[in-house]
Visitor: 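Before I ask anything, let me first share the structure, which is written out below as structure tokens.
The basis for the numbers below is simple: all heavy atoms, side chains too, and nothing from hydrogens, waters or symmetry mates. In this chain, numbering begins with 1 at the start of the sequence shown.
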Amino acid sequence: MPLLEIDGLTLAFRGAEGELPVVEGLSLSLEAGQVLGLVGESGCGKSVTARSIMRLLDSPPAVYRDGAIRFEGRDLLRLDETAMRALRGGRIGMIFQEPMTSLNPTFTVGFQIDEALRLHTDLSRPARRARARELLARTGVGAPDRRLAQYPFELSGGLRQRVMIAMAIACDPRLLIADEPTTALDVTVQAQILELLLELRARTGMALLLITHDLGVVAETCDEVAVMYAGTIVEQAPAERLFAAPRHPYTAALLASIPQLRPGVRRLPSIPGTVPAPGLRPPGCAFVDRCTRRLERCTSDRPALRVEAEHGVACWNPVP
């Protein structure tokens, strides 16, 4: 049984124009100890998917039309709020993309780290403070005792990000969802944080769902990669295989846009157009208007994800 299994998730937002589909028929699975990278442009539905796992989307306007999200065999969409609170911060941790809006400005850093430990562990108060101090030190925060007494607005963006990471890993979760966990950090600290997450994975068997735009980080840290476009998975494969031989034209275009030191190359290729907004997606393949390999059937028939030799692709005319 996978630790996390998303099966045919379809999610919409209800507004003045009716229900707009955001995630459509999305399926993913994650084993204990596995690192899965979820990549794609902004607006593809990555963060919405992450928040769906944590059940952090208000309903309404969010409407779960179909599918299931199973964690340790239990469907999270069928759990009540009390059961979800027992999982959030304990069995499932999350590093949010915007630490300034995720941290509470009215409580100190120490109080916010202590809250998860107080709710999900039986540690004494001195032991919880020692644990909070250790977490800040491990995430690269200098003078941790002083930082524990400070408020989020007293910290820089990079320090707030490290505090958010410390909170997420405080209880050694079984699943960690990391939404752009190293965006506000410099390269040296970024490497330290990624090393810390991989060390935690090796020590506890934690699974990591890594959402990022940095394909270099994905190549270095992930066992498997899922490429998301317009609310669904268009390609999924082991990391080495996907980087060596991408099949979907969108994946190939993303990889081609990675900066490389190549003589004679002055301008990086780009993908024309933008991700279609919910409610404006074409009836066929959502990538059809930006694709250089489109066929006539691409405009009318939506391709399903077909898996061959552990490499799945949703395309009528994949890259050879």
Side-chain angles (χ1 to χ4, degrees), residues 47-48 50-58 81-201 203-204 206 208-212:
S47 295
V48 168
R51 290 176 177 269
S52 297
I53 298 171
M54 297 289 281
R55 288 267 306 277
L56 292 176
L57 298 173
D58 291 334
E81 184 59 25
T82 300
M84 282 303 304
R85 281 189 173 186
L87 292 175
R88 294 191 199 109
R91 305 289 288 175
I92 307 176
M94 183 165 180
I95 303 170
F96 294 92
Q97 191 171 357
E98 295 294 340
M100 191 58 197
T101 56
S102 301
L103 295 173
N104 193 321
T106 63
F107 294 105
T108 64
V109 166
F111 179 90
Q112 295 185 63
I113 298 176
D114 179 78
E115 184 176 21
L117 294 169
R118 177 165 44 84
L119 292 174
H120 299 291
T121 72
D122 56 0
L123 296 175
S124 64
R125 185 172 182 178
R128 294 199 306 268
R129 182 171 181 83
R131 172 67 172 163
R133 189 187 307 115
E134 174 200 355
L135 289 165
L136 290 183
R138 292 180 68 190
T139 52
V141 177
D145 284 306
R146 179 163 62 90
R147 300 300 186 190
L148 287 172
Q150 290 183 313
Y151 291 86
F153 62 82
E154 299 180 87
L155 307 179
S156 66
L159 283 175
R160 289 194 294 266
Q161 185 75 2
R162 285 175 246 188
V163 169
M164 177 63 65
I165 294 170
M167 291 173 58
I169 65 175
C171 299
D172 290 341
R174 292 282 291 147
L175 169 65
L176 178 62
I177 303 169
D179 191 357
E180 296 285 352
T182 57
T183 300
L185 307 179
D186 59 61
V187 176
T188 303
V189 177
Q190 179 186 84
Q192 293 173 352
I193 293 300
L194 292 173
E195 183 179 357
L196 171 62
L197 296 180
L198 293 179
E199 183 272 330
L200 187 63
R201 183 269 295 262
R203 179 169 58 86
T204 67
M206 174 190 77
L208 174 61
L209 177 60
L210 178 63
I211 301 171
T212 180

Visitor: Do side-chain atoms of Q161 reach the backbone of P181 as a donor and acceptor pair under 3.5 angstrom?
Guide: yes
Visitor: So, the side chain of Q112 versus the backbone of N104: is there a donor-acceptor pair under 3.5 Å, distance only?
Guide: yes
Visitor: So, the side chain of R147 versus the backbone of L136: is there a donor-acceptor pair under 3.5 Å, distance only?
Guide: no
Visitor: Charged N to carboxylate O under 4.0 angstrom, R51 versus D58?
Guide: no
Visitor: Is the closest side-chain donor-acceptor distance between T204 and D172 under 3.5 Å?
Guide: no
Visitor: Once ring-ring contact (aromatic ring centres under 6.0 Å, His included) is applied, what residue pairs with a partner in residues 111-142 remain, sequence neighbours excluded?
Guide: F107-F111
Visitor: Nearest 0.5 Å please: distance from the CG atom of L197 over to the CD1 atom of I169.
Guide: 6.5 Å
Visitor: What's the separation between atom OG1 in T108 and atom CD in Q150, rounded to the nearest 0.5 Å?
Guide: 10.0 Å
Visitor: Find the distance between SG (C171) and CD1 (I113) and round it off to the nearest 0.5 Å.
Guide: 11.0 Å
Visitor: Salt bridge check, E154 against R146: does any charged N sit closer than 4.0 Å to a carboxylate O?
Guide: no
Visitor: Could you check whether any side-chain N or O of R162 sits under 3.5 Å from a backbone N or O of G140, counting only pairs where one atom can act as donor and the other as acceptor?
Guide: yes
Visitor: I need the Y151 OH to L103 CG distance, nearest 0.5 Å.
Guide: 13.5 Å
Visitor: Drop me the distance from Q192's CD to T182's OG1, to the nearest 0.5 angstrom.
Guide: 12.0 Å
Visitor: Under the side-chain contact (heavy atoms from CB on, under 4.5 Å) test against I92, which residue among L176, L209, I177 passes?
Guide: I177
Visitor: Test salt bridge (Lys or Arg N to Asp or Glu O under 4.0 Å) on E195 and R138 and set out the steps.
Guide: CA-CA 11 Å; E195 183 179 357; R138 292 180 68 190; over 6 Å; no
Visitor: Testing L196, V163, V189 for side-chain contact (heavy atoms from CB on, under 4.5 Å) with T139, which one passes?
Guide: L196
Visitor: Under 4.0 Å between a side-chain nitrogen and a carboxylate oxygen: does that hold for D114 and R129?
Guide: no
Visitor: Flag yes if more than 12 heavy atoms outside R125 fall under 6.0 Å of its CZ atom; otherwise flag no.
Guide: no
Visitor: Can you tell whether the side chains of E81 and R88 come within less than 4.0 Å, N to carboxylate O?
Guide: yes
Visitor: So with a 6.0 Å cut-off around CZ of R118, is the heavy-atom count from everything else above 12?
Guide: yes
Visitor: Test your reading of the model: is there a side-chain donor-acceptor pair from R128 to the backbone of L123, 3.5 Å cut-off?
Guide: yes
Visitor: Taking R91 for the side chain and P173 for the main chain, is one N or O donor matched with an acceptor at less than 3.5 Å?
Guide: no
